[in-house]
4 protein chains.
Amino acid sequence: MIKIGIVGGTGYTGVELLRILATHPEAQLTAITSRKEDGVPVAQMYPSLRGRVDLAFSAPDKANLNECDVVFFATPHGVAMAQAPELLAHGVKVIDLAADFRLQDVSAFEKWYGMPHSCTELLAEAVYGLPELNRERIKTARLIGNPGCYPTTMQLGYAPLLKAGVIDAASLIADCKSGVSGAGRKAEIGILFSESSDSFKAYGIAGHRHTPETVEQLQRLTKDKIGLVFAPHLVPMIRGMHSTLYAQLNQEISNEALQALFENAYADERFIDVMPFGSHPDTRSTRASNMLRIALHRPENAKTVVILVVQDNLVKGASGQAVQCMNLMFGLAEDCGLHHVPVTP
Amino acid sequence: MIKIGIVGGTGYTGVELLRILATHPEAQLTAITSRKEDGVPVAQMYPSLRGRVDLAFSAPDKANLNECDVVFFATPHGVAMAQAPELLAHGVKVIDLAADFRLQDVSAFEKWYGMPHSCTELLAEAVYGLPELNRERIKTARLIGNPGCYPTTMQLGYAPLLKAGVIDAASLIADCKSGVSGAGRKAEIGILFSESSDSFKAYGIAGHRHTPETVEQLQRLTKDKIGLVFAPHLVPMIRGMHSTLYAQLNQEISNEALQALFENAYADERFIDVMPFGSHPDTRSTRASNMLRIALHRPENAKTVVILVVQDNLVKGASGQAVQCMNLMFGLAEDCGLHHVPVTP
Amino acid sequence: MIKIGIVGGTGYTGVELLRILATHPEAQLTAITSRKEDGVPVAQMYPSLRGRVDLAFSAPDKANLNECDVVFFATPHGVAMAQAPELLAHGVKVIDLAADFRLQDVSAFEKWYGMPHSCTELLAEAVYGLPELNRERIKTARLIGNPGCYPTTMQLGYAPLLKAGVIDAASLIADCKSGVSGAGRKAEIGILFSESSDSFKAYGIAGHRHTPETVEQLQRLTKDKIGLVFAPHLVPMIRGMHSTLYAQLNQEISNEALQALFENAYADERFIDVMPFGSHPDTRSTRASNMLRIALHRPENAKTVVILVVQDNLVKGASGQAVQCMNLMFGLAEDCGLHHVPVTP
Amino acid sequence: MIKIGIVGGTGYTGVELLRILATHPEAQLTAITSRKEDGVPVAQMYPSLRGRVDLAFSAPDKANLNECDVVFFATPHGVAMAQAPELLAHGVKVIDLAADFRLQDVSAFEKWYGMPHSCTELLAEAVYGLPELNRERIKTARLIGNPGCYPTTMQLGYAPLLKAGVIDAASLIADCKSGVSGAGRKAEIGILFSESSDSFKAYGIAGHRHTPETVEQLQRLTKDKIGLVFAPHLVPMIRGMHSTLYAQLNQEISNEALQALFENAYADERFIDVMPFGSHPDTRSTRASNMLRIALHRPENAKTVVILVVQDNLVKGASGQAVQCMNLMFGLAEDCGLHHVPVTP
């Protein structure tokens, strides 16, 4: 059994980690920290966990995280980089669900997250935790920067095309839509039910933190310079992410050949479903599961290819992906504890 | 492995059975019938099942249901009673998720369901499939009438009080609220998104099929004559059921004693969670799981007791309960394959 | 034109007042105060008002409220009672949408709202602003306590029966459901989209502020002692309120006679719609309008009568009712500026 | 008063026409037809109209539409072209909310709508009813093809840029999102609450009827060849449309100059709101009103301009626009009866 600690488990990625780990056959939940909720049983805050998670939150100093095998950070940005060095020094592996170890470019991190990076010496060994594109490095990693939700969809959607060199890397347009849980469990007016229900809007069009992360990763797949317009939107649903990705083909290529690029790229992937050409996946087809589905379109067979990517932002876009990384790091089957069938309807 | 057939698996209780059985360690899905969808892969209709359920729908006459160990009917009322005799004759157990075998009172069935009962000779051996109140009979049953969703909440909410004789059986008021999936997967105007979203209404106040079912079962718990006003309402949510049950106490009794009645009644129940007195459970705390939660209230300590009951109408209110029955009928652990942690948020 | 001031217009009842008054032919919006938003154009906070409301929020001390004809308080409880005396002294009429002037029973106010009442000398002249039950007094009032949303439905639903003396006043059960906007525009976790969407729950069953208000008013309609169990619930919709009211008939009475009680009581009421016996009104049939609809039921013709009442909690349940009172106070047609047709779908 | 007939008023554009016309000071509702609902009071089907619309549906042959001043067709495609010739011959003006008179290209109509066009002789005089781009022709029209909802947003969003010649007309990408009411009031599985709530998906990416309509109209604004990728999506909300439009600038131009293009183009438009550069309008800021809001963005000041356009698909996208056309055709103020303030929250 793997002894697991969670730092900051009161948010949505935290409770989703708990939901997944509660039935993971190799996971032994050892500690979960929250300074503010010290002593409060987890199941009191989340009645869905009554009878399934017996832990109480504990203050960080009481949690003996150094005795864990792995610690997940489901915290605001900046927390993991403060605590990771000590944990690593004690032989504890670290998976950060925030952004501290996602970006290799420190100046980009500091610009977009508005804080100095206190732990740059660890960046070199930090591994970007997207198994489908980075599996071998994850297996031997001590420190994982778990991908952002939007970047997961953009990378997995564009990767086969960029690797094959069939699209113009400089004119990518990603029109992405997320359920409200992606904004976290924060007491903010804008994500109140009465504000975000029965309405739809874009946000962050001028610039969003997930752009530099995505560009940095996509750039590793091609020598051409990546140019990306990323437009996120807020959908009145709890979970779910739908990315509509546009790319300009730079050569003649049949729809069949496009489809084959994706089917070959993901043939062995347990959590990537390449649907028939022309499908329209809905986000609910991934709800509460670690699946990500992809479908290709080519409007009027012209030079634009449209890639539709759906996932559950809290699972493949966050906590499920983190557990997938953990499985790889500990030599388990990659899908261990991740067999949830999507909940429909 | 138990060889399982499903008749009529295109509706919501059907797909929910498939979701549950796809990860049930003792279940071997053998056939699923739909005359209309003959030959269509199940995963084509429900992409959430892609890679998880490989069956295709088959016409009833091709399905070899007689070779199954158990057949679930997730069909409109009237189908199971037509097919059950032959299946039973071949040694196949039958679990009907519709109403054909719920009511012992044939005239009530015929009045409320508007059809003659074609199979009254089997009613005597049909067992009402509510494990918490009827476990021993279910274990040896060949034929199960799986309870309605509302009746499950009303029975489990009133049972401890009726058994203890502390309430007036004749003045029960059950104000119940269901998510829209309870209305099934039918092309009807009234349950369109644009009709039922962002709105709330009652329906069937003058009389509802679940009243006679509930009264028949509650009457088994007390010698006093049951009187029940049942008022169902439609909530703009997909899954979830919340019953607010009112009863008049007929004697002095402390809140602690009331609470103890419930805690004792359900102490050994895996799927019933008696919450602390005065709790307000939300339906999402049971979402996509087989849990049912109960909380007691006593406004201003007066003679009215209020019992709040929540469940997922498609799981404990339908398909999960049916699998729970199956587990009992085949000598498996009662919670085999039913370990889903509720999905929150 | 009536010069109108609004204190605290940043919440939902405030913006709804603005929506209504922006097209009210006799209203001249003069000032709207918010200490926090001093100088911010109203339409910047609420883009729905761009081009329709040109005012900016101003700090209370700059607002010259004393020069208004009427001031609405769309504030937290306790604000109106601090400012009403000075306004009244300057000849300004006051309509408080909070609770400061709803309860004549000061001790009940202080118990339920947790603050001393600083203005008890004005309570005697304060008029409860429910026009259908209190029209004549409103016409001559200087100071209005605008009813709570739930109490409006309970009073209008029970009044004809209590006045006629045909029900047992001591055993009223009101199972009420409100959209989330009823909780206000506050940054609180519990009313986030991801917390309250796709779920349903009760709250405040043990006791709620609207119980004493309702009981005080209902008691004026009958000599019998009122006993009320009030159970509020939160519905995943923005606007809308549905009250399911139960009462026990104390005599033989036909359904036709019951219906006639309501039709006669509300025959001349512009905003009360008594629907055909046995109807199931949905809340959306009142959305964004000042209408309140009522329908009667009698399950199996027994002694329980069920009264269904729907309204838009922000209009008839708050701001529309306040404007209705204003119209009466200033001798305008009662429905002046309140002709909105409900928005469906 | 203008005598008005409505053909096919049982759908959402029909009831929305009724909501608007019920308070329109110059409208006299004379007849509303529905073969299926002959004799049924409109307010019985739509209780929101109780007391506001006294008409009953009548069979087409009884409706005396020839005596109307104008007839609106809120019908499926193909109905208006069958009845328009006779109405026009009787001097009745016709506004078709379906597609019969939107496309001048008959072959495109026949391809996309799958039926022959039975009335091509009238196409030449049919006027495309988008007042902001076609006002003068509407004023004198006898026959209006009311624009599609998506095309309204795409045209008003791209027009100032195309007219100014600052973008590449051949590489337009329109990623559009609509509330579910846009799919109409049809008993179809895919738009059930339990299918489309809490989920998000694209549809019709390979080709959609609104593409040829939009291209035909956009082509009138520029000599360059229009190339448009149009990707519609379904949002779990009732009303509202959000179009995210991408265009490639073909020259150096400042953000201020871009903004000025729009502010100048729409300076006198009552129903177009050009918001400050960089705004993120939400659809609810137009709910139940005839407003359309536009905001410009330029991610990282590069060559892509992003235009956000929001409207209520049933008002400016359908019935409100039709009434706006009617006002122009009858010499009324263009905003007569269209003063609704958007409903927020």
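Values reported hereafter were calculated over all heavy atoms of this structure, with side chains retained and with hydrogens, waters and symmetry mates removed.
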Quiz item: According to the interplanar angle, ranging from 0 to 90°, do the rings of A/His233 and A/Phe200 count as parallel (below 30°), tilted (30 to 60°) or perpendicular (above 60°)?
Solution: parallel

Quiz prompt | Selection from B/Pro276, B/Ser285, B/Gly179 maximising heavy-atom pairs under 4.5 Å formed with chain A | solution = B/Ser285

Quiz prompt | Non-hydrogen side-chain atoms of A/Leu21 and A/Ile6 separated by less than 4.5 Å | solution = yes

Quiz item: Contact part of B/Ile20 toward chain A, heavy-atom cut-off under 4.5 Å: side chain, backbone, both or neither?
Solution: neither

Quiz item: Looking at A/Glu16, A/Arg287, A/Arg185, A/Met275, which makes the most heavy-atom pairs under 4.5 Å with chain B?
Solution: A/Met275

Quiz item: Non-hydrogen atoms of chain A under 4.5 Å away: do they reach the side chain of B/Thr286, the backbone, both or neither?
Solution: neither

Exercise. Give the member of A/Ala288, A/Pro47, A/Pro345, A/Pro342 that has the highest number of heavy-atom pairs under 4.5 Å with chain B.
Key: A/Pro345

Quiz item: B/Arg19 versus chain A, heavy atoms under 4.5 Å apart: side chain, backbone, both or neither?
Solution: both

Quiz item: Are A/Phe57 and A/Lys36 side-chain neighbours, meaning at least one heavy-atom pair lies under 4.5 Å?
Solution: no

Self-check item: Heavy-atom pairs under 4.5 Å with chain A, option from B/Asp282, B/Val15, B/Asp273 with the top count
Solution: B/Asp273

Quiz item: With only heavy atoms counted, which part of B/Met291 is less than 4.5 Å from chain A, the side chain, the backbone, both or neither?
Solution: neither

Practice problem: Kindly indicate whether the side chain of A/Thr23, heavy atoms from C-beta on, has any atom under 4.5 Å from the side chain of A/His340. | Solution: yes

Quiz prompt | Side chains of B/Gln321 and B/Gln311, donor plus acceptor under 3.5 Å | solution = no

Quiz item: Do the side chains of A/Leu296 and A/Leu261 get nearer than 4.5 Å, heavy atoms only?
Solution: no

